[in-house]
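Encoded as C-alpha cells, the structure appears first; notes follow it.
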Amino acid sequence: MINSFLIPKPPLFSFQECLWFLDRGYGDCLFRVKNRQVLKAILVEGSPVVFAVHEYENNLKVNVLEGNCSKNGEAFIWQYLTEWFDLGKDLSPFYNLLNQDLRVAYMVENFNGLRLMGIEDLFEALCWSIIGQQINLNFAYKLKRKLVEAYGTKVFYEDEIFYLFPEPAVISRISIPDLKAMQFSESKATYILEVARAFVENRLSKEILTALPGFEIRQKALIAIKGVGVWTANYVLMKTLRDASSIPFGDVGLLKALVSHQIINERKEVEKISAFFSNYKGWESYLVFYLWRSLSTPVFQAK
DNA sequence: AACCAGGCTGCGC
DNA sequence: GCGCAGCATGGT
C-alpha cells in the first residue's frame with residue numbers, strides 16, 4: 001500500500017498561486033485548503049481515497065490519508081493531479097504573448113505559475129456550469145453544496161467529512177420538487193436531470209465527448225443538450241477537456257475584466273474581443289482564466 | 001428597492 | 001440568422 005509519493009514540479013509552476021485560486025473564498029465543498037495543502041476525496045479504482053498535497057522541495061508531495069492505494073492507484077492519483085493542476089503544460093509561450101501587451105503583461109509576474117485549474121469529472125463540470133448560469137458565484141457555490149451534501153458519497157477522515165460529487169444515476173433519480181426545495185429553479189432542475197439521464201443512458205461521457213473530432217463538433221454535441229448554451233459548452237470544454245482555444249463567450253466576469261483592462265469599452269464590442277483573442281491562438285482559455293484571476297485583485301474589481 | 005449575477009430558451013422578425 | 005423578453009432566486 002502506498003502512503004505517500006512525490007510528483008516533480010514543472011518549471012513556471014506555483015503551487016501557492018494554484019492554492020490561492022482554489023481557496024479564493026467561496027468554500028468549495030469538493031476539496032479543502034488548509035496549512036498550505038489541498039485535501040480532496042476522489043474515486044481510485046472504484047473506492048474512495050482522501051489525499052493531501054503539499055509542496056516538498058522541488059516536488060508536490062501526496063499523502064494518502066484515507067482508503068487503500070495500490071501502485072496503480074498511485075499512478076491514477078498522479079495522473080489526476082497532473083490534469084487537475086495542468087502540470088504538463090509549458091507556460092513560456094503564453095507568457096511571451098502576455099509580455100507583448102502592456103495591458104496584461106503584469107500578469108506574468110503577479111500570477112506567475114498559476115495553472116488553469118480543471119474539473120476532471122465531466123458530469124460534475126456540466127452540473128456546476130448549469131448551476132452557475134445567471135446567478136452570482138456565492139449562491140452558485142451554495143447550491144452546489146446543498147446538492148453534494150444531500151446526494152454525494154461521504155468519506156470520513158479524522159473528524160472531517162469529504163464528499164464525492166454525486167453519480168449521474170443518483171442525481172437522475174432526484175425529483176424536480178426536491179431540487180426546487182434546495183433552491184434550484186425549475187429550469188436548472190430540469191437541465192441537470194436531463195444531463196444526468198444522458199450519462200445514465202450512456203449518450204454522453206468524457207470518453208464519448210473526447211472521441212469526437214474537433215472543437216466545434218464537441219461544442220455542438222454539448223449544445224444539443226437542453227440547458228447547455230455556448231457559454232456552458234465552452235466552459236466545460238475549457239475546464240474538463242482542456243480545449244486551449246475555448247472562450248466562454250458572454251461570460252460576465254470575462255467581460256468585466258476586459259472592460260477593466262481597457263481592452264473594450266462596452267460589453268457588446270464583440271469584434272474587439274475576438275480581435276484581442278486572435279493574438280492568443282492556442283492560449284485563449286488560459287487568457288480567460290488569468291482574466292478571471294484578475295477579478296480578485298482589488299485594482300481590477302471596478303466595473 | 002432596483003439592479004445584477006461565471007445564461008438559456010423560445011419567440012418574432 | 002438576430003434581437004429580445006421572460007425566467008428564478010439571492011446578493012448588494
Side-chain angles (χ1 to χ4, degrees), chain A residues 20-30 111 114 116-119 122 124-147 174-198 204 216 219-243 246-261 263-264 266-271 273-274 277 284-298 300-303:
Chain A
W20 186 93
F21 173 81
L22 292 178
D23 197 27
R24 74 212 133 114
Y26 292 110
D28 199 303
C29 56
L30 294 173
F111 310 148
L114 172 65
L116 199 171
M117 299 303 295
I119 302 174
L122 177 63
E124 177 195 328
L126 273 166
C127 291
W128 170 233
S129 53
I130 289 169
I131 288 173
Q133 289 170 5
Q134 186 55 23
I135 59 176
N136 65 67
L137 272 181
N138 268 316
F139 183 44
Y141 277 99
K142 270 187 201 167
L143 286 181
K144 179 167 103 168
R145 176 176 292 277
K146 287 187 187 186
L147 186 69
I174 308 175
S175 73
I176 290 187
D178 284 349
L179 284 169
K180 287 178 83 168
M182 294 190 295
Q183 293 178 287
F184 281 64
S185 68
E186 177 126 18
S187 39
K188 272 193 209 306
T190 312
Y191 301 157
I192 282 176
L193 292 179
E194 171 50 30
V195 169
R197 253 177 250 126
L204 182 61
E216 291 195 3
Q219 189 194 43
K220 263 186 195 159
L222 289 171
I223 291 177
I225 305 167
K226 198 164 183 178
V228 176
V230 174
W231 178 85
T232 306
N234 290 12
Y235 179 88
V236 164
L237 289 171
M238 160 182 175
K239 296 281 273 187
T240 306
L241 268 66
R242 295 196 170 278
D243 263 300
S246 192
I247 306 168
F249 285 107
D251 180 87
V252 292
L254 173 59
L255 292 172
K256 211 185 282 181
L258 289 171
V259 171
S260 63
H261 285 75
I263 289 155
I264 56 174
E266 287 179 33
R267 297 187 178 188
K268 33 188 83 159
E269 296 174 318
V270 185
E271 337 71 33
I273 297 174
S274 25
F277 275 103
E284 291 92 333
S285 64
Y286 251 91
L287 182 53
V288 170
F289 195 72
Y290 271 53
L291 285 166
W292 280 342
R293 169 64 181 86
S294 76
L295 293 171
S296 299
T297 66
F300 292 105
Q301 269 168 5
K303 37 174 165 172

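A note on names: the letters A, B, ... follow the listed sequences, proteins ahead of strands, and every chain is numbered from 1. The basis for the numbers below is simple: all heavy atoms, side chains too, and nothing from hydrogens, waters or symmetry mates.
The nearest whole Å value for the distance from the CD1 atom in A/I176 to the C1' atom in C/dA8 is 14 Å. Regarding A/I130, its CD1 atom lies at a distance of 16 Å from the P atom of C/dA8, rounded to whole Å. Between the CZ atom of A/R267 and the C1' atom of C/dG3 there is a distance of 19 Å, rounded to whole Å. The distance from atom CZ of A/F139 to atom C1' of C/dG11 is 10 Å, rounded to the nearest whole Å. C/dT12 atom C1' lies 9 Å from atom CG of A/N136, rounded to whole Å.
Within the cation-pi definition used here (under 6.0 Å to the ring centroid, within 45° of the axis), A/R24 qualifies as a partner of A/F21.
Residues from residues 234-241 of chain A with heavy atoms under 4.0 angstrom of DNA chain B, sorted by number: A/Y235.
Comparing A/E186 and A/N138, the nucleotide of DNA chain C nearest to each residue sits closer to the 5' end for A/E186.
You'll find the side chain of A/I192 reaches within 4.5 Å of the side chain of A/I131, heavy atoms only. For the pair A/I247/A/L287, no side-chain contact is recorded, criterion being any heavy-atom separation below 4.5 Å from C-beta on. Side-chain atoms of A/Q219 and A/D243, non-hydrogen and from C-beta on, never get closer than 4.5 Å to each other.
Remark: A/F184 pairs with no residue by the ring pair (Phe, Tyr, Trp, His ring centres under 6.0 Å) rule, at least two apart or across chains. Evaluation of the ring pair (Phe, Tyr, Trp, His ring centres under 6.0 Å) rule for A/F277 yields no partner, not counting sequence neighbours. By the salt bridge (charged side-chain N to carboxylate O under 4.0 Å, His left out) test, A/E194 is found to be paired with A/R197, A/R203, residues two or more places apart in sequence or in another chain being considered.
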Please set out all donor-acceptor pairs under 3.5 angstrom arising from side-chain atoms of residues 223-231 of chain A, sequence neighbours excluded.
from: A/W231; atom 1: NE1; to: A/D251; atom 2: OD1; distance (Å): 2.8

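Nucleotides B/dC11 and C/dA8 have their P atoms positioned 14 Å apart, rounded to a whole Å.
Here the straight-line distance linking atom OG of A/S185 with atom CG of A/L143 works out to 8.5 Å at 0.5 Å rounding.
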Under 4.0 Å protein heavy-atom contacts per nucleotide of nucleotides 7-13 of chain B, with B for base, S for backbone only and - for none
BSSS---
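For C/dG11, one of the phosphate oxygens OP1 or OP2 lies less than 4.0 angstrom from a side-chain nitrogen or oxygen of A/K142.
Across all strands, A/R293 comes closer than 4.0 Å to no nucleic acid atom at all (heavy-atom distances).
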